[in-house]
There are 2 protein chains.
Amino acid sequence: MAATIRDVARLAGVSASTVSRALSLPGMVNGATRARVAAAVEQLGYEPNRAARGLITGRTGTIGLVVPDLANPFFASVTKGVQERARRHDVAVFVADTDEDPAAEAGLVRALAKQVDGVVLCSPRASDEELTAIAQDTTVVLVNRAAAGIPGVTYDNEGGMRQAVAHLVALGHHRIAWVGGPSTSWSTKHRGLGLRNAVEELHAKLAPVGNFAPTYEGGMAAADQVIATGATAVVAYNDLVAIGLLARLHARGLSVPADLSVVGVDDIAMSSMARPALTTVRLPKQEAGRIAVELLLAMLDDPESPAGTHGELHGELHGELIVRDSTGPAPHNQKGAPA
Amino acid sequence: MAATIRDVARLAGVSASTVSRALSLPGMVNGATRARVAAAVEQLGYEPNRAARGLITGRTGTIGLVVPDLANPFFASVTKGVQERARRHDVAVFVADTDEDPAAEAGLVRALAKQVDGVVLCSPRASDEELTAIAQDTTVVLVNRAAAGIPGVTYDNEGGMRQAVAHLVALGHHRIAWVGGPSTSWSTKHRGLGLRNAVEELHAKLAPVGNFAPTYEGGMAAADQVIATGATAVVAYNDLVAIGLLARLHARGLSVPADLSVVGVDDIAMSSMARPALTTVRLPKQEAGRIAVELLLAMLDDPESPAGTHGELHGELHGELIVRDSTGPAPHNQKGAPA
DNA sequence: ATGAAAGCGCTAACAT
DNA sequence: ATGTTAGCGCTTTCAT
């Protein structure tokens with residue numbers, strides 16, 4: 001059996017409470033005593049029982065993480081970041097995968113919530129109302145989604161899109177197609193907005209081709225519509241979509257970037273392996289996970305935690321344009337080019 | 001505050017012990033009483049406090065999962081399988097990522113072990129001795145690795161390799177190169193063995209080109225040596241390596257499958273997106289995770305659990321050959337072909 | 001079939 | 001600065 005606090009107390013010749021204090025409030029105990037306790041702890045290999053501690057403190061030392069799909073490299077990276085930072089704080093993390101099922105999401109979060117101190121919700125598919133309701137009785141931090149009054153970490157989608165457009169315009173592109181992700185997606189909305197602004201500022205034209213699944217298949221499905229717009233460049237919702245685009249464009253006999261330049265978002269590992277390698281806006285994925293943990297822990301430590309108090313807690317991360325082979329100069333005789 | 005067992009007891013007009021029994025040993029309590037308790041539970045939305053229960057039963061209702069790298073699609077899939085099955089049993093899972101650091105592995109497992117009922121170790125990099133030591137004081141199940149006396153689930157590497165070779169031989173290939181993974185990898189060893197046997201049975205020749213990192217870069221590094229063997233087909237350690245191979249072969253001006261056929265292992269999502277799409281041996285990844293959970297839970301439920309007793313507990317999963325565009329008929333004037 | 005009592009390992013008043 | 005006491009929410013003897 002594992003040693004208990006009483007074993008340590010006996011060995012150190014003190015009471016259990018002193019051991020408890022020596023461990024959690026070292027300042028309150030005499031240096032010599034503290035040393036004796038430390039020695040006893042060491043000798044016995046004592047580790048406090050978390051369940052017992054949790055029973056009385058009401059804290060479990062555990063946080064939850066909910067992601068739509070672990071098999072999606074973007075979410076896998078965020079998860080790595082969460083892991084790493086949580087471990088540093090000696091906090092364990094329960095990971096739950098909703099399998100992209102929006103209906104299962106809320107239930108899962110609520111079930112998780114009972115077993116943890118707080119929850120990191122990554123790219124939740126739920127409505128703002130549902131999120132607010134959940135945040136009522138649970139400490140929640142959002143990743144890749146903003147919702148009024150709930151702390152979180154998001155990406156500067158506008159800035160990222162501006163970089164992409166600036167790059168394309170510098171290459172001589174004037175007509176840029178945009179393949180959006182799911183219409184319910186928060187980032188689709190903001191990327192679209194950013195694109196619209198950037199294109200206007202830089203005197204180019206935007207040709208949105210609608211909403212598609214945020215997957216390889218989505219990209220395949222969008223490709224022909226992209227071609228039909230007559231654009232010489234296309235920005236895709238994310239890298240997966242961009243790679244699907246690449247595949248279908250190739251099948252249609254178009255060459256990238258000679259005929260059409262392609263830009264993705266995320267910079268997943270696959271993007272540098274694509275042919276041609278994909279120009280993309282790199283999002284700091286692990287960093288988002290790390291910040292989310294810090295935010296959550298800060299909320300937990302702050303005694304004043306009535307829902308909403310932490311609304312101002314918010315991190316914003318910036319994307320970085322990574323230029324690879326899928327973007328190049330605009331073709332000379334492009335449709336829609338100035339005469 | 002959440003309702004406690006006493007609240008339920010009061011509302012149902014029984015004692016706390018009766019509520020406890022009604023919940024965990026329904027057979028021991030009168031039907032009518034049971035119904036009253038159930039009603040009270042329902043009305044109060046009561047959920048037993050796991051920490052309190054764990055304190056007395058010694059079980060946490062939590063298992064641990066250790067993987068080398070969550071960003072690797074193979075491990076992400078296994079993790080999904082573990083998740084899904086654990087949830088079905090109302091068991092939570094702590095996920096830990098060692099970041100491919102073999103040195104961190106053992107420590108992580110031991111730290112995890114104190115907080116969970118058992119641990120699923122996926123593709124551990126540790127030595128057999130270390131694993132045995134860990135299994136001494138923790139309930140452990142291995143995935144993708146066999147070690148004496150420790151239950152686990154593995155893949156039938158030999159069978160998978162035989163399918164790949166049969167496919168290639170049928171296409172007229174006689175000389176097959178083999179790009180192995182890390183020399184310490186259990187699957188490298190068994191895939192190599194399977195290949196050797198299959199090639200002998202089918203009267204072909206094997207040309208091993210050594211050990212490489214199980215990554216895209218590893219495949220790039222191996223490609224030129226593969227070409228030098230004069231083989232008309234190559235089997236790669238896994239899909240990532242095969243895709244790296246594809247990239248470097250393309251750069252060298254070789255065409256796949258016209259000049260060289262390429263086969264991978266795993267069937268990660270990326271494989272069907274590669275150009276040409278990759279022929280591969282599909283491994284049931286999520287299934288491995290599911291079985292591991294069942295194994296672990298079975299061990300936990302079985303009172304007789306002295307280490308080693310469960311050594312015979314073992315699942316073996318079979319791969320399935322998925323033929324795509326990266327394999328084709330052997331070139332006519334191949335080197336090493338019969339005259 | 002049910003209740004009363006004890007206690008899991010720990011922390012947090014309350015004493016001293 | 002340290003010890004004593006009580007009790008977190010639950011399960012489990014032991015009675016009845």
Side-chain angles (χ1 to χ4, degrees), chain A residues 1-41 44-62 90 92 113-117 300-301 303, chain B residues 1-41 44-62 90 92 113-117 300-301 303:
Chain A
M1 280 307 291
T4 80
I5 200 171
R6 295 172 164 247
D7 299 327
V8 177
R10 201 172 311 126
L11 184 58
V14 296
S15 77
S17 358
T18 301
V19 175
S20 178
R21 285 190 202 102
L23 261 33
S24 31
L25 310 152
M28 279 185 61
V29 31
N30 188 304
T33 337
R34 201 188 320 153
R36 285 215 318 281
V37 170
V41 164
L44 263 32
Y46 169 75
E47 294 244 12
N49 178 319
R50 296 199 177 215
R53 176 182 285 176
L55 197 51
I56 187 158
T57 61
R59 298 252 316 241
T60 61
T62 299
D90 200 29
K114 317 210 145 149
Q115 301 187 53
V116 301
D117 297 332
L300 258 15
D301 282 344
Chain B
M1 279 309 292
T4 79
I5 201 170
R6 293 173 164 245
D7 299 326
V8 176
R10 199 171 313 126
L11 184 59
V14 297
S15 76
S17 351
T18 302
V19 175
S20 177
R21 286 190 200 100
L23 262 33
S24 32
L25 310 151
M28 278 184 63
V29 31
N30 188 303
T33 335
R34 201 189 319 155
R36 287 216 316 282
V37 170
V41 164
L44 263 32
Y46 169 75
E47 293 242 15
N49 178 318
R50 297 201 177 212
R53 176 180 285 176
L55 196 50
I56 187 156
T57 61
R59 297 252 316 240
T60 61
T62 299
D90 199 30
K114 317 209 144 148
Q115 301 187 53
V116 301
D117 297 332
L300 257 17
D301 283 343

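The chains referred to below are lettered A, B, ... by the order of the sequence lines, with proteins before strands, and numbering in each begins at 1.
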- Message: Does D:dG9 have OP1 or OP2 under 4.0 Å away from a side-chain N or O of B:Thr4?
- Response: no
Minimum-distance nucleotide (side-chain atoms of [X] versus [options]):
X       : options               : result
A:Ile5  : C:dC10, D:dG3, C:dA12 : C:dC10
A:Arg21 : D:dT11, D:dT4, C:dG3  : D:dT4
A:Ser17 : C:dC8, C:dC10, D:dT5  : D:dT5
B:Asn49 : C:dT2, D:dT2, D:dC10  : D:dC10
A:Thr57 : C:dG9, C:dG3, C:dT11  : C:dT11
B:Pro48 : D:dC10, C:dC10, D:dT2 : D:dC10

- Checking B:Arg21 side chain against B:Val29 main chain: does a donor-acceptor pair fall under 3.5 Å?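 Side chain of B:Arg21 to backbone of B:Val29, a donor-acceptor pair under 3.5 Å: no, none is there.
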- Item | Side-chain (B:Arg34) to main-chain (B:Ala22) donor-acceptor, under 3.5 angstrom |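 Side chain of B:Arg34 to backbone of B:Ala22: no pair is present.
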- DNA chain D: 5'-proximal contact among A:Gly31 and A:Arg6 (nearest heavy atom): A:Gly31
- Item | Of B:Val19 and A:Ala16, the one whose closest DNA chain D nucleotide lies more 5' |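 Its nearest nucleotide being more 5', the pick is A:Ala16.
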- B:Ile5 versus B:Tyr46, closest heavy-atom pair with distance: N-CE1, 3.5 Å
- Indicate the atoms forming the closest heavy-atom contact of B:Leu44 with B:Leu11, along with that distance. CD1-CD2, 3.6 Å
Roughly, in whole Å, what's the span from [atom1] in [X] to [atom2] in [N]?
X       : N     : atom1 : atom2 : result
A:Arg53 : D:dC8 : CZ    : C1'   : 14 Å
A:Arg50 : D:dC8 : CZ    : C1'   : 18 Å
B:Leu25 : C:dT2 : CG    : P     : 13 Å

- Have a look at B:Ser24 and say if it touches a base, only the backbone sugar-phosphate, or nothing, with a 4.0 Å heavy-atom cut-off. nothing
- Query: Which residue lies toward the 5' end of DNA chain C, B:Ile56 or B:Met28, if each is placed at its nearest nucleotide?
  - Reply: B:Met28
- Item | Polar side chain donor-acceptor pair, A:Ser20 to A:Ser17, under 3.5 angstrom | no
